[in-house]
K.L.:
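One structure is given below, represented as structure tokens, and several questions about it will come after.
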There are 2 protein chains.
Amino acid sequence: MPPKKPSGTLSPPVIQRLSEYLLILEQFIAQEQEVVSSRALATVYGNNSSQVRHDIFQIEHKGSQSHGYLCSELIKDIRIALNLQNEKNLCVIGMGNLGRAITAHVPFDRYGMKLSASFDVDPNVIGKKIGGVEIFNSDDMSNIIKEQNITMAALCVPASRAQKTCDLAIHAGVKGILNYSRIRLKVPEHVSVHYEQIICSFMQLSYKCSL
Amino acid sequence: MPPKKPSGTLSPPVIQRLSEYLLILEQFIAQEQEVVSSRALATVYGNNSSQVRHDIFQIEHKGSQSHGYLCSELIKDIRIALNLQNEKNLCVIGMGNLGRAITAHVPFDRYGMKLSASFDVDPNVIGKKIGGVEIFNSDDMSNIIKEQNITMAALCVPASRAQKTCDLAIHAGVKGILNYSRIRLKVPEHVSVHYEQIICSFMQLSYKCSL
DNA sequence: TAGATTGTTAATCGATTAACAATC
DNA sequence: TAGATTGTTAATCGATTAACAATC
């Protein structure tokens with residue numbers, strides 16, 4: 001019998017909430033709040049204390065009964081549960097506004113990820129750096145992905161180029177794609193794609209607002 | 001007894017899927033594919049035909065038994081179900097890379113939304129246009145939101161300014177916020193906030209990839 | 001101690017899937 | 001007609017919430 005549950009045990013809604021609890025807890029730490037109750041966390045997140053405790057129960061973190069959770073310890077255990085300790089390399093493909101936003105402003109290094117390359121086809125930007133990350137020629141993508149052992153990619157290219165680019169990245173070894181392009185991708189079974197269609201988020205919000 | 005179910009009847013997962021079906025169906029139309037079966041749609045979306053039929057059942061669209069759904073008709077009924085016919089005004093606040101990406105590239109007008117203003121504090125960009133949308137001074141936000149009857153906002157400002165900006169927008173009449181800033185917002189009960197934390201999407205993908 | 005709060009199970013609720021009759 | 005596919009209900013599955021004993 002293994003000492004810990006096998007990874008892959010957490011369901012998508014739980015993973016999602018844990019990742020957001022993590023950011024909230026870090027906000028608490030920044031405000032020098034060291035302890036938090038399930039009730040307080042639930043208030044900020046927008047759910048209820050029962051769900052918070054249930055989520056935390058699943059990652060086998062132990063709080064202090066009657067005094068709540070120590071933020072710093074809970075952060076550690078969420079990081080372990082989400083597998084954020086062993087570093088993963090990723091790249092951003094397509095340096096339009098969105099690609100640049102992700103490259104320059106998302107703090108990957110604080111969450112066990114390393115943005116090790118970005119790619120574009122525009123000769124005017126190739127060779128430059130954004131947020132400390134070099135922009136490479138898309139033609140060299142395959143080699144660089146292999147060399148740097150990149151396993152995840154944010155796809156920020158125009159729809160017309162998305163499938164071809166995605167095929168190339170997968171062929172070079174990418175296992176997970178965050179797709180910001182507005183088409184559905186065909187990928188082999190062993191590859192995960194998460195669709196991040198900004199317009200769909202707006203539609204959902206719009207629906208809620210129209211009730 | 002009302003002829004149609006009251007709006008607000010659709011659950012969040014159903015709304016989410018319907019919004020994505022909509023994009024897929026439009027892709028089909030663009031490829032001159034006029035008819036689609038629940039099975040074909042499920043294959044592209046990545047679920048199963050039973051769920052597709054169940055979702056479509058809920059919006060009271062009638063397909064043709066034995067021949068599937070007519071894409072154009074299904075598109076129409078999804079639009080109705082999602083309340084995309086009556087136009088809503090929205091704004092983007094913060095014209096960094098992300099704000100510019102949303103302003104320039106998200107096709108709001110095709111989905112019943114009108115991006116009628118964007119805001120920034122930088123005098124170098126105020127007065128310019130991006131994607132046909134004028135960038136106004138954030139100081140004038142309150143007036144412009146009221147004048148143009150803006151009800152939704154994409155919040156793309158730095159964390160340090162997010163809460164203040166959000167308060168201002170809500171006070172001027174905004175009812176729904178898509179929050180791209182990395183903090184939790186305190187809002188009154190009648191306002192909906194959707195959190196779009198890019199780093200959380202990466203954490204979720206990373207978890208899936210590490211299984 | 002009394003009060004607060006967690007840990008954990010059980011109950012409830014809702015979402016997904018299966019099944020199949022109806023229909024074109 | 002036979003085959004394909006929807007429409008719709010029922011069954012299953014999983015996620016959320018409630019409850020409360022345990023504990024500090």
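Throughout, protein chains are lettered first and strands after them, A, B, ... in sequence-line order, and every chain is numbered starting at 1.
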K.L.:
Considering only heavy atoms and no angle criterion, is a donor-acceptor pair shorter than 3.5 Å present between the side chain of A:Gln65 and the base of D:dT23?
P.N.:
no
K.L.:
Can you tell which of D:dT23, C:dT16, C:dC24 lies closest to the side chain of B:Gln51?
P.N.:
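Nearest nucleotide to the side chain: C:dT16.
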K.L.:
Please report the closest heavy-atom contact between B:Ile15 and B:Leu10, naming both atoms and the distance.
P.N.:
CD1-O, 3.4 Å
K.L.:
What about the rings of B:Phe202 and A:Tyr111, do their centers lie closer together than 6.0 Å?
P.N.:
no
K.L.:
Does A:Lys76 pair with A:Glu73 as a salt bridge, N-O distance under 4.0 Å?
P.N.:
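Yes, this pair counts.
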K.L.:
Without decimals, in angstroms, what is the distance between A:Ile15 CD1 and D:dT16 C1'?
P.N.:
17 Å
K.L.:
Expressed in angstrom and rounded to an integer, what is the separation of A:His61 atom NE2 from C:dG7 atom P?
P.N.:
7 Å
K.L.:
Within the modelled atom types, does a donor on one side and an acceptor on the other bring the side chain of B:Ser50 and the base of C:dA18 under 3.5 Å apart?
P.N.:
yes
K.L.:
Can you tell me how far P of C:dA18 sits from CZ of B:Arg39, to the nearest Å?
P.N.:
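These atoms are roughly 14 Å apart.
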K.L.:
How long is the line joining CD1 of A:Ile59 and P of C:dT8, in whole Å?
P.N.:
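Checked: the CD1 to P distance equals 13 Å.
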K.L.:
Taking only the side-chain heavy atoms of B:His67 (C-beta and beyond), determine which of C:dC24, D:dT6, D:dT16 contains the nearest atom.
P.N.:
C:dC24
K.L.:
Is the B:Phe136 ring parallel, tilted or perpendicular to the B:Phe119 ring (thresholds 30°, 60°)?
P.N.:
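Judged by the thresholds at 30° and 60°, the geometry between B:Phe136 and B:Phe119 is tilted.
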K.L.:
Could you write out DNA chain C as a dot-bracket string, with dots for unpaired bases, | for bases paired across to another strand, and Watson-Crick or G-U pairs counted at under 3.5 Å?
P.N.:
..||||||||||||||||||||||
K.L.:
For the pair made of CG in A:Leu74 and P in C:dT5, what is the distance, rounded to whole Å?
P.N.:
16 Å
K.L.:
Can you check the B:Lys62 NZ to D:dT5 P distance for me, whole Å?
P.N.:
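Atom NZ in B:Lys62 sits about 19 Å away from atom P in D:dT5.
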K.L.:
Taking for each residue the nucleotide of DNA chain D bearing the nearest heavy atom, is the 5' side occupied by B:Ser64 or by A:Val14?
P.N.:
B:Ser64
K.L.:
Indicate whether OP1 or OP2 belonging to D:dT6 is found under 4.0 Å from a side-chain N or O atom of B:Ser38.
P.N.:
yes
K.L.:
Looking at B:Tyr69, I'd like to know whether one of its side-chain N or O atoms comes within less than 4.0 Å of OP1 or OP2 on D:dG7.
P.N.:
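Answer yes for this pair, as a side-chain N or O of B:Tyr69 is under 4.0 Å from OP1 or OP2.
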K.L.:
What's the shortest heavy-atom distance between B:Leu185 and B:Leu155, and which atoms?
P.N.:
CD1-CD2, 3.8 Å
K.L.:
Whole Å only: how far is the NE2 atom of A:His54 from the C1' atom of D:dC20?
P.N.:
15 Å
K.L.:
Are side-chain heavy atoms of B:Asn47 and B:Arg17 found at a separation under 4.5 Å?
P.N.:
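A side-chain contact exists here, since the closest heavy-atom pair is under 4.5 Å.
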K.L.:
Quickly work out the B:Arg53 CZ to D:dT6 C1' distance and round it to whole Å.
P.N.:
6 Å
K.L.:
Would you say C:dT16 has OP1 or OP2 under 4.0 Å from some side-chain N or O of B:Arg17?
P.N.:
yes
K.L.:
Take the angle between the ring planes of A:Tyr69 and A:His61 and call it parallel below 30°, perpendicular above 60°, tilted in between.
P.N.:
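If you compare the ring of A:Tyr69 with that of A:His61, the planes turn out tilted.
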